Participant: 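One structure, pasted below without further comment.
Per chain, numbering begins at 1; letters A, B, ... match sequence-line order. Given the structure is predicted, the values throughout are model-derived calculations rather than measurements.
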Amino acid sequence: MDKQIYVADIAAEEGKQVTLRGWLYGKRSGGKLHFLQVRDGTGVIQAVVSKKDVPPEAFAAAEGAHQESSLEVSGTIVKDTRSALGFEMHVSDLRLLQGEAGYPIQPKEHGIGFLMEQRHLWLRSARQRAILSVRHSLIKNIRDYFDERGFTLVDSPILTPTACEGTSTLFEVPYFDLGKAYLTQSGQLYGEAAAMAVGKAYVFGPTFRAEKSKTRRHLTEFWMVEPEVAFMDLEGDMALAEDFLVEIVGRTLAKHRHELTTVLERDVTALERVQKPFPRITYTEAVEAIQKAGHPITWGDDFGGDEETVLCKQYDRPVMVHRYPTDLKAFYFKRDPNDPKVALGVDVLAPEGFGEIIGGGQREDDYATLASRIDEQKLPREAFNWYLDLRKYGSVPHSGFGLGVERTLGWICGLPHVRESIPFPRLMERLTP
RNA sequence: UCCUCGAUAGCUCAGCUGGCAGAGCAACGGACUGUUAAUCCGUGGGUCCCUGGUUCGAACCCAGGUCGAGGAGCCA
C-alpha cells in the first residue's frame, strides 16, 4: 500500500492528489453527486463524488456504499468553508472494499441497553471516539507525571493468593494444585514492597471487584493507578494527590479542550477551577457539615452517595476528607497517634457529584501493631507474612493512594455513567461484547 | 440482594374500555449537481420477551419467569 495519508494531517495536502482509506460515516446523495463522509480514525472529511469526474463503476460504487463500509477514495484536497473540517476532497476515483447493508447504529436516538449490546460498533461514533482519545491522554499524562518526578513503574500481579480485605468482593479462579487464586482488588500491598525497593513507586493496572453494585460509579473491572512513597506521611500524601490532580486534569484539558467542549458538551470552566489549594477537612468536620445541611448522619457512619453529593456541593473543586474512623478503614492504615479513633487516610471527592476518585493514606509501619490488626480482622496471618516482612527489615513511614481512572475520566468528560469511560465495560450484569 | 419502571418492526415508540398490528426513522428500489440528521416518490419488514391462566376473543387482564433501565444497599 502507498504511504497512508490521514485526515488529521489534511491541511498539508491542500491542492494535492491523495488517497484516503477509511469507513463511510454517512452519505447524502444527489442524482449526479454523492457526498460521502469518510472517517479514518483521525477525523472525518467530506468526499464529493461527481458523476462527470469519476469512472462509471466508481460512481456506482459510491451509490451502493453502505454506512460503515470500508473504502478507498482518491482525489484532490481543496479548501472549502462549507465544511466543518475546512477541507474536502474532490474525488477522482473510489474503490469499495467491504461492507454490508444494515449497520445497526444510526445517528439518531438509541437506548443505552441497545448501545451497550453494540459496544464494539458504538466505539466508532464521534462521542465514543472522543472519550477514547481523552482516556488515552489521561493515561499518558498520569504516566508522564510520575515519570517526570522519578517514580518507577512496578507492575503488581493480577492473580493473587489472598484478599486485601473481605473475600466477598473477590473473583475466584482455579489455580492448579494450589487451590484458588483471586483477581486483584488493588496492587497497593505490592506497591508498598516496591516503594521499599525504589523509594517512589507506582502501580498501574486493572483491578477487579465482585461487588454487586449497580450504580453509575461502579465497574467490576477498572483501572487504578497507585503511587506509593517511602518516607512520606499523610500531609505529603495529600500534597501529592493535590498536585497530581491539578497536573493531570490541566494537561488533559489543554490537549482536549475542543473535543470536551464541542463533542462531549462539557462545561470546562468547572475543570479550570481545579487549582491548588483543595479544601482539606477532617471526617469529623465533614460529618458536622453534612448534619448542618440537614442530613442525618452520625459519627462513625460511612458516607453514601447522598452524603458525598451534599459535601461536594459546598466546594467548587475537589475536596480532601481525611482522618476517617479507624473502623471504616482497612487493617493497613496507620492510626493517628493523636487520636487512635481515626486513621491517617484521605479520600478525594470530585466536584459536581462525581464522587470519590482517590482513596489513600499513611500505612501502618510498626510490626506488632500491624500484626495485631491482621489478627483482629481475622485475616490469615500466614498469607501476610511477606507483607509483615516489610515492617521487619528497615520499616519506614510511607504513604500512597489509588486513583480510579474511569471515575476520573468520567469526571473530566462529564459522563453520566462510568460505563462509557472504558472501551469494553464489565458490569455486574454485562460481560459482552 | 431490595425498590421502581419497562419489554410491540433493525432503532425510538404509539396502540384508548379486551375486538383486523401502527407511526417516525433505518433498510431496499427510484428521482434529484452543494447536501450537512438532505428532500421527494415507492417497497419490504412482526415469536407484540417466555410459560401458563381467565375469556367467545388477549399486545392489552392475572400468575410465574427471563431480560433491560433507574435508584438503594454494598463499595479503600
Participant: Looking only at side chains, do Thr169(A) and Gln185(A) share a donor and an acceptor under 3.5 Å apart?
Facilitator: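 Yes, Gln185(A) and Thr169(A) have a side-chain donor paired with an acceptor closer than 3.5 Å.
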Participant: Take atom OH of Tyr25(A) and atom P of rA38(B), then tell me their distance rounded to the nearest Å.
Facilitator: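 It is 12 Å, rounded to the nearest whole Å.
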Participant: Remember a base hit wins even if backbone is also touched, and classify Asp302(A) as base, sugar-phosphate or nothing at under 4.0 Å, heavy atoms.
Facilitator: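 It contacts nothing in the nucleic acid.
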Participant: Quick one: on RNA chain B, does Ser83(A) or Glu307(A) contact a more 5' nucleotide (nearest heavy atom)?
Facilitator: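 Nearer the 5' end of the strand: Ser83(A).
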Participant: Which part of the nucleic acid, if any, lies within contact of Gly111(A), taking any heavy atom under 4.0 Å across all strands shown: a base, the sugar-phosphate backbone alone, or nothing?
Facilitator: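 Sugar-phosphate, no base atom in range.
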Participant: How long is the line joining CG of Leu115(A) and P of rU12(B), in whole Å?
Facilitator: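 About 8 Å, once rounded to whole Å.
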Participant: Give the nucleotide from the list rG73(B), rC75(B), rU36(B) with an atom nearest to the side chain of Arg82(A).
Facilitator: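 Of the options given, the side chain of Arg82(A) lies nearest rU36(B).
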Participant: Can Ser69(A) and Trp23(A) be counted as having a side-chain donor-acceptor contact under 3.5 angstrom?
Facilitator: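 No donor-acceptor contact under 3.5 Å links the two side chains.
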Participant: Can you tell me if Gln37(A) and Gln46(A) form a side-chain donor-acceptor pair at under 3.5 Å?
Facilitator: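 Yes, Gln46(A) and Gln37(A) have a side-chain donor paired with an acceptor closer than 3.5 Å.
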Participant: Mind pulling the stems RNA chain B is in, i.e. runs of at least three Watson-Crick or G-U pairs, everything under 3.5 Å?
Facilitator: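 When the pairs of RNA chain B are grouped into runs of at least three, the stems are B:1-7 with B:66-72, B:10-13 with B:22-25, B:27-31 with B:39-43, B:49-53 with B:61-65.
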Participant: Say whether Thr252(A) and Asn141(A), considering side chains only, have a donor N or O and an acceptor N or O under 3.5 Å apart.
Facilitator: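 Indeed, the side chains of Thr252(A) and Asn141(A) share at least one donor-acceptor pair under 3.5 Å.
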Participant: On a whole-Å scale, what distance lies between the C1' atoms belonging to rC13(B) and rG68(B)?
Facilitator: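 To the nearest whole Å, 16 Å.
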Participant: Quick one: label Lys214(A) by what it contacts on the DNA or RNA (base, sugar-phosphate, nothing), any heavy atom closer than 4.0 Å.
Facilitator: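 Base contact - Lys214(A) has a heavy atom under 4.0 Å of at least one base atom.
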Participant: Select base, sugar-phosphate, or nothing to describe what Gly402(A) touches, counting heavy atoms under 4.0 Å on all strands.
Facilitator: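 Answer is nothing: Gly402(A) stays at 4.0 Å or more from every strand.
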Participant: Could I get a table of every N or O pair under 3.5 Å where one atom is in the protein and the other is in nucleotides 7-10 of chain B?
Facilitator:
from: rG10(B); atom 1: N2; to: Gln106(A); atom 2: NE2; distance (Å): 2.6

Participant: Have a look at Arg363(A) and say if it touches a base, only the backbone sugar-phosphate, or nothing, with a 4.0 Å heavy-atom cut-off.
Facilitator: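 No contact at all - Arg363(A) keeps every heavy atom at 4.0 Å or more from the nucleic acid.
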Participant: Can you tell me whether the side chain of Ser213(A) and the base of rC74(B) have a donor-acceptor pair closer than 3.5 Å?
Facilitator: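 Such a pair exists between side chain and base.
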Participant: Determine the Euclidean distance between corresponding P atoms of rC60(B) and rG6(B); express it in Å to zero decimal places.
Facilitator: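 Rounded to whole Å, the distance is 14 Å.
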Participant: For the C1' atoms, the ones on rG22(B) and on rG29(B), what distance do you get once it is rounded to whole angstrom?
Facilitator: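 My reading of the C1' atoms in rG22(B) and rG29(B) gives 23 Å.
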Participant: To the closest 0.5 Å, what do you measure between CD (Gln98(A)) and OG (Ser70(A))?
Facilitator: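 Interatomic distance, Gln98(A) CD to Ser70(A) OG, rounded to 0.5 Å: 5.5 Å.
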Participant: Quick one: Met428(A) CE to rG68(B) C1', roughly how many Å, whole number?
Facilitator: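 It is 12 Å, rounded to the nearest whole Å.
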Participant: Is it the case that rG34(B) (base atoms only) and Glu88(A) (side chain only) share a donor and an acceptor within less than 3.5 Å, ignoring hydrogens and angles?
Facilitator: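 It does, because a donor-acceptor pair links the side chain of Glu88(A) to the base of rG34(B) below 3.5 Å.
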Participant: Return the value, rounded to whole Å, for the distance between atom NZ of Lys27(A) and atom P of rU39(B).
Facilitator: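 One finds 15 Å between P of rU39(B) and NZ of Lys27(A), rounded.
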Participant: Would you please say whether a donor-acceptor pair under 3.5 Å links the side chains of Tyr387(A) and Glu192(A)?
Facilitator: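 Short answer, yes.
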Participant: Considering only atom P, compute the distance from rG46(B) to rA23(B) and round it to an integer number of Å.
Facilitator: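 14 Å, rounded to whole Å.
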Participant: Would you mind listing every salt bridge (Lys or Arg N to Asp or Glu O under 4.0 Å) that reaches into residues 84-106 of chain A, with sequence neighbours excluded?
Facilitator: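 Only Glu72(A)-Arg95(A) qualify under salt bridge (Lys or Arg N to Asp or Glu O under 4.0 Å).
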Participant: What is the distance, rounded to the nearest whole Å, between atom CE of Met89(A) and atom P of rU36(B)?
Facilitator: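 Whole-Å distance recorded here is 22 Å.
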Participant: Going by distance alone, is a donor N or O of one side chain under 3.5 Å from an acceptor N or O of the other, for Glu420(A) and Gln128(A)?
Facilitator: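 Their side chains do contain a donor-acceptor pair, which is all the 3.5 Å distance test asks for.
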Participant: Just the rounded figure in Å: distance from C1' of rC75(B) to CD of Gln188(A).
Facilitator: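 Roughly 16 Å, once rounded to whole Å.
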Participant: Assess, by modelled atom type and distance only, whether the side chains of Tyr145(A) and Asp243(A) contain a donor and an acceptor separated by less than 3.5 Å.
Facilitator: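 A pair is found: one side chain offers a donor N or O, the other an acceptor, under 3.5 Å apart.
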Participant: Tell me which nucleotide among rG34(B), rA69(B), rC28(B) gets nearest to the side chain of Leu33(A).
Facilitator: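 Per side-chain heavy atoms of Leu33(A), the pick is rG34(B).
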Participant: Tell me if the aromatic rings of Phe424(A) and His120(A) count as close, with their centers under 6.0 Å from one another.
Facilitator: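 For Phe424(A) and His120(A), the ring centres are not under 6.0 Å apart.
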Participant: Between rG70(B) atom P and His218(A) atom NE2, what is the distance in whole Å?
Facilitator: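 The answer, rounded to whole Å, is 14 Å.
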Participant: From C-beta outward on His417(A), which listed nucleotide comes closest to its side chain: rG70(B), rG34(B), rC32(B)?
Facilitator: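 It is rG70(B).
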Participant: Please confirm whether any donor atom in the side chain of His110(A) sits under 3.5 Å from an acceptor in the base of rC11(B), or the reverse.
Facilitator: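 Side chain to base: no pair present.
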Participant: Given atom CZ of Phe303(A) and atom C1' of rG73(B), what is their separation to the nearest angstrom?
Facilitator: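 Those two atoms, CZ and C1', are 17 Å apart.
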Participant: Assess whether side-chain contact (heavy atoms from CB on, under 4.5 Å) is satisfied between Phe208(A) and Thr220(A), documenting all intermediate values.
Facilitator: CA-CA 5 Å; Phe208(A) 307 86; Thr220(A) 55; over 6 Å; no
Participant: I want to confirm an ordering. Mapping Asp80(A) and Ile112(A) to their closest nucleotides on RNA chain B, which one lands closer to the 5' end?
Facilitator: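 Counting from the 5' end, the first nearest nucleotide belongs to Asp80(A).
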Participant: Between the base of rU35(B) and the side chain of Gln46(A), is one N or O donor paired with an acceptor at under 3.5 angstrom?
Facilitator: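 Pair found.
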Participant: Could you tell me whether Arg280(A) sits above the aromatic face of Tyr315(A), with NZ or CZ closer than 6.0 angstrom to the six-membered ring centre and within 45 degrees of the axis?
Facilitator: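 Not satisfied by the 6.0 Å and 45° rule.
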Participant: Between the side chains of Ser74(A) and Gln17(A), is a donor N or O closer than 3.5 angstrom to an acceptor N or O?
Facilitator: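 On atom types as modelled, these side chains do not qualify, holding no pair under 3.5 Å.
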Participant: With a 4.0 Å limit, can you tell me whether His34(A) has a side-chain N or O closer than that to the phosphate oxygens OP1/OP2 of rG34(B)?
Facilitator: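 It does not, given that no N or O in the side chain of His34(A) lies less than 4.0 Å from OP1 or OP2 of rG34(B).
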Participant: Does the side chain of Arg28(A) get closer than 4.0 angstrom to OP1 or OP2 of rA38(B) through an N or O atom?
Facilitator: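 Arg28(A) to rA38(B) OP1/OP2: side-chain N or O found under 4.0 Å.
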Participant: Side-chain N or O of Lys212(A) less than 4.0 angstrom from OP1 or OP2 on rC74(B)?
Facilitator: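 It does not, given that no N or O in the side chain of Lys212(A) lies less than 4.0 Å from OP1 or OP2 of rC74(B).
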Participant: May I ask you to evaluate whether Arg217(A) reaches the phosphate of rG73(B), defined as a side-chain N or O under 4.0 Å from OP1 or OP2?
Facilitator: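 Answer is no, no contact under 4.0 Å.
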Participant: Taking the C1' atom in each of rG15(B) and rU8(B), what is the distance between them to the nearest angstrom?
Facilitator: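 One C1' to the other, the span is 9 Å.
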Participant: If the P atom of rU55(B) is compared with that of rG65(B), how far apart are they to the nearest Å?
Facilitator: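 To the nearest whole Å, 24 Å.
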Participant: Between rA14(B) and rC28(B), how many Å separate the two P atoms, rounded to a whole number?
Facilitator: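 Pairwise P distance, rA14(B) against rC28(B), rounds to 28 Å.
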Participant: Rounding to the closest angstrom, what is the interatomic distance between rU47(B) and rC5(B) at atom P?
Facilitator: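 Those two atoms are separated by 28 Å.
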Participant: Select one nucleotide: of rG70(B), rC75(B), rA72(B), the one nearest the side-chain heavy atoms of Asp306(A).
Facilitator: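 Closest nucleotide to the Asp306(A) side chain: rA72(B).
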